[in-house]
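Notes follow once the structure below has been shown.
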Amino acid sequence: MALARIPPILVGLATLGLFLGLVEILLRLQILNAFVIPLPSAVFGSFGRLFREEELARRLLLTGAEALTASLLVAIVGIGLGMLLYRFRILRLATEPWVAAVAAAPIVLAYPLFLVIFGRSAATIVAMGFAAGLGPVILKTLEGLNGVRKSLINVGRSYNLTPAQQFRMILLPAAVPTIFVGVRLGLIFALINLVGVEFLINFGGLGQLINDLAERYDLPGMFATIIFVILVSVVIFAALERMERWLRPAQ
């Protein structure tokens, strides 16, 4: 299985390399505007400078701590609320449309309200990430539990399992794939809003660095930081995928 994943990865890297090489050539031929798009070679050459002069590692730790806090809150609260809505039908009917509306809303636009409540601090950034990622986790948890086949539930009843045993041994394992889809979506929304709010309020880690570099018109450094954020996100989602496999050993 691991070997089967290598060719697509190599093809993807080769395609990306060809694209960046083409952009480099077009910029050097002045077909593309170098005042808008920096040279890819200059972008990748900026990483060392960012670590030395801009404290990229420290900023990563700060944004990472905020992202970890928001992600844990999103997963714990979102899955818990999804289970609660599954358990109480009247509560689900009353609140599910509102949860869906919040999940689709551009939460980042509400950052002035969060600033008033929490002040210009890391608490605002964490709260924004949490609010943005909560809806998808609730909805997907509810969808996963509702999608469990009735035959599995009937098997549990035939063995006289208690409701708690049915939930632990049947409902939750069967719903794990869909729940993890919600967790992934929640983390995507949380990370987007985290970095976005850091950029908007000029406070925090990587988002603030992007803002600083943009104001200094340091395009290579700004693009390098954006690429760094993307790479960090890829690592996070790869770790999440491994966690899902661990929770589903039979798969």
Side-chain angles (χ1 to χ4, degrees), residues 9 13 16 38 40 42-79 107-108 110-137 180 182-247:
I9 293 174
L13 292 175
L16 179 61
V43 171
F44 287 102
S46 299
F47 278 103
R49 172 171 59 86
L50 292 174
F51 278 100
R52 290 192 309 270
E53 301 176 6
E54 305 294 345
E55 299 181 315
L56 186 60
R58 181 188 63 80
R59 293 175 183 272
L60 171 63
L61 290 176
L62 180 55
T63 299
E66 294 166 348
L68 179 61
T69 303
S71 300
L72 288 175
L73 289 173
V74 163
I76 294 171
V77 177
I79 294 174
I107 299 293
V108 69
Y111 79 92
L113 175 62
F114 284 79
L115 281 174
V116 171
I117 297 173
F118 297 102
R120 188 171 173 271
S121 65
T124 295
I125 299 170
V126 172
M128 288 289 299
F130 169 70
L134 188 60
V137 180
F180 263 86
V183 172
R184 287 197 193 97
L185 289 173
L187 291 185
I188 290 171
F189 291 165
L191 287 172
I192 290 172
N193 280 267
L194 276 168
V195 177
V197 174
E198 285 181 343
F199 181 92
L200 287 171
I201 69 175
N202 198 22
F203 181 91
L206 297 175
Q208 183 187 30
L209 177 58
I210 294 172
N211 188 21
D212 290 344
L213 294 170
E215 289 180 350
R216 284 185 261 154
Y217 205 69
D218 184 352
L219 290 183
M222 184 185 72
F223 273 77
T225 306
I226 293 173
I227 292 172
F228 188 73
V229 172
I230 294 172
L231 293 176
V232 170
S233 301
V234 169
V235 172
I236 291 173
F237 289 111
L240 192 63
E241 183 179 356
R242 288 187 175 273
M243 185 185 300
E244 181 181 358
R245 290 179 187 170
W246 177 70
L247 289 174

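Along the sequence shown, residues are numbered consecutively beginning with 1. Please read these numbers as outputs of a predicted model, since none were measured by experiment.
For R120, there are no salt bridge (Lys or Arg N to Asp or Glu O under 4.0 Å) partners two or more places apart in sequence or in a different chain. Under the side-chain hydrogen bond (donor to acceptor under 3.5 Å, both in side chains) criterion, T225 pairs with no residue, sequence neighbours left out. Residues forming a side-chain hydrogen bond (donor to acceptor under 3.5 Å, both in side chains) with T63 (at least two apart in sequence, or on another chain): E198.
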Got a list of side-chain donor-acceptor pairs under 3.5 Å for residues 70-79, not counting sequence neighbours?
unit_1, atom_1, unit_2, atom_2, d
S71, OG, A67, O, 2.6

Throw together a table of side-chain donor-acceptor distances under 3.5 angstrom for residues 110-119, partners on residues two or more places apart or in other chains.
none

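Here the CZ atom belonging to F47 is positioned 8.0 Å from the CG atom belonging to L56, to the nearest 0.5 angstrom. Note that the CG atom of L60 and the CG atom of L209 stand 11.0 Å from one another [nearest 0.5 Å]. Distance check, rounded to the nearest 0.5 Å: CG of L206 to CD1 of I226 gives 11.0 Å. Separating the CG atom in L50 from the CD1 atom in I227 is a distance of 10.5 Å, to the nearest 0.5 Å.
A side-chain contact (heavy atoms from CB on, under 4.5 Å) with V232 is found for exactly one of I230, I236, V234, namely I236. Remark: of the listed residues L194, I210, V108, I210 is the sole one forming a side-chain contact (heavy atoms from CB on, under 4.5 Å) with F199.
Side-chain contact between L62 and Q208 is absent, with no heavy atoms from C-beta onward closer than 4.5 Å. Side-chain contact check for V229 versus L191: every heavy-atom pair is 4.5 Å or farther apart. You'll find the side chain of D212 stays beyond 4.5 Å of the side chain of D218, heavy atoms only.
Among all heavy-atom pairs drawn from V137 and G186, the shortest one is CG2-CA, 4.1 Å. Taking both residues in full, the closest heavy atoms of F203 and S121 are given as CE2-C, 3.5 Å, listed atom of the first, atom of the second, then distance. Here the closest non-hydrogen pair linking S46 and P220 is OG-CB, 3.3 Å. Of all non-hydrogen atoms in I107 and M128, the two that sit nearest each other are O-CE, 3.3 Å. Taking every heavy atom of both residues into account, G205 and R59 meet most closely at O-NH1, 3.4 Å.
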Under the side chain to side chain contact (heavy atoms under 4.5 Å, CB included) rule, what do N211 and L200 come out as? Steps first, then yes or no, please. CA-CA 8 Å; N211 188 21; L200 287 171; over 6 Å; no
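Listed by first and then second residue, the ring-ring contact (aromatic ring centres under 6.0 Å, His included) pairs involving residues 51-77 are F51-F228 (not counting sequence neighbours).
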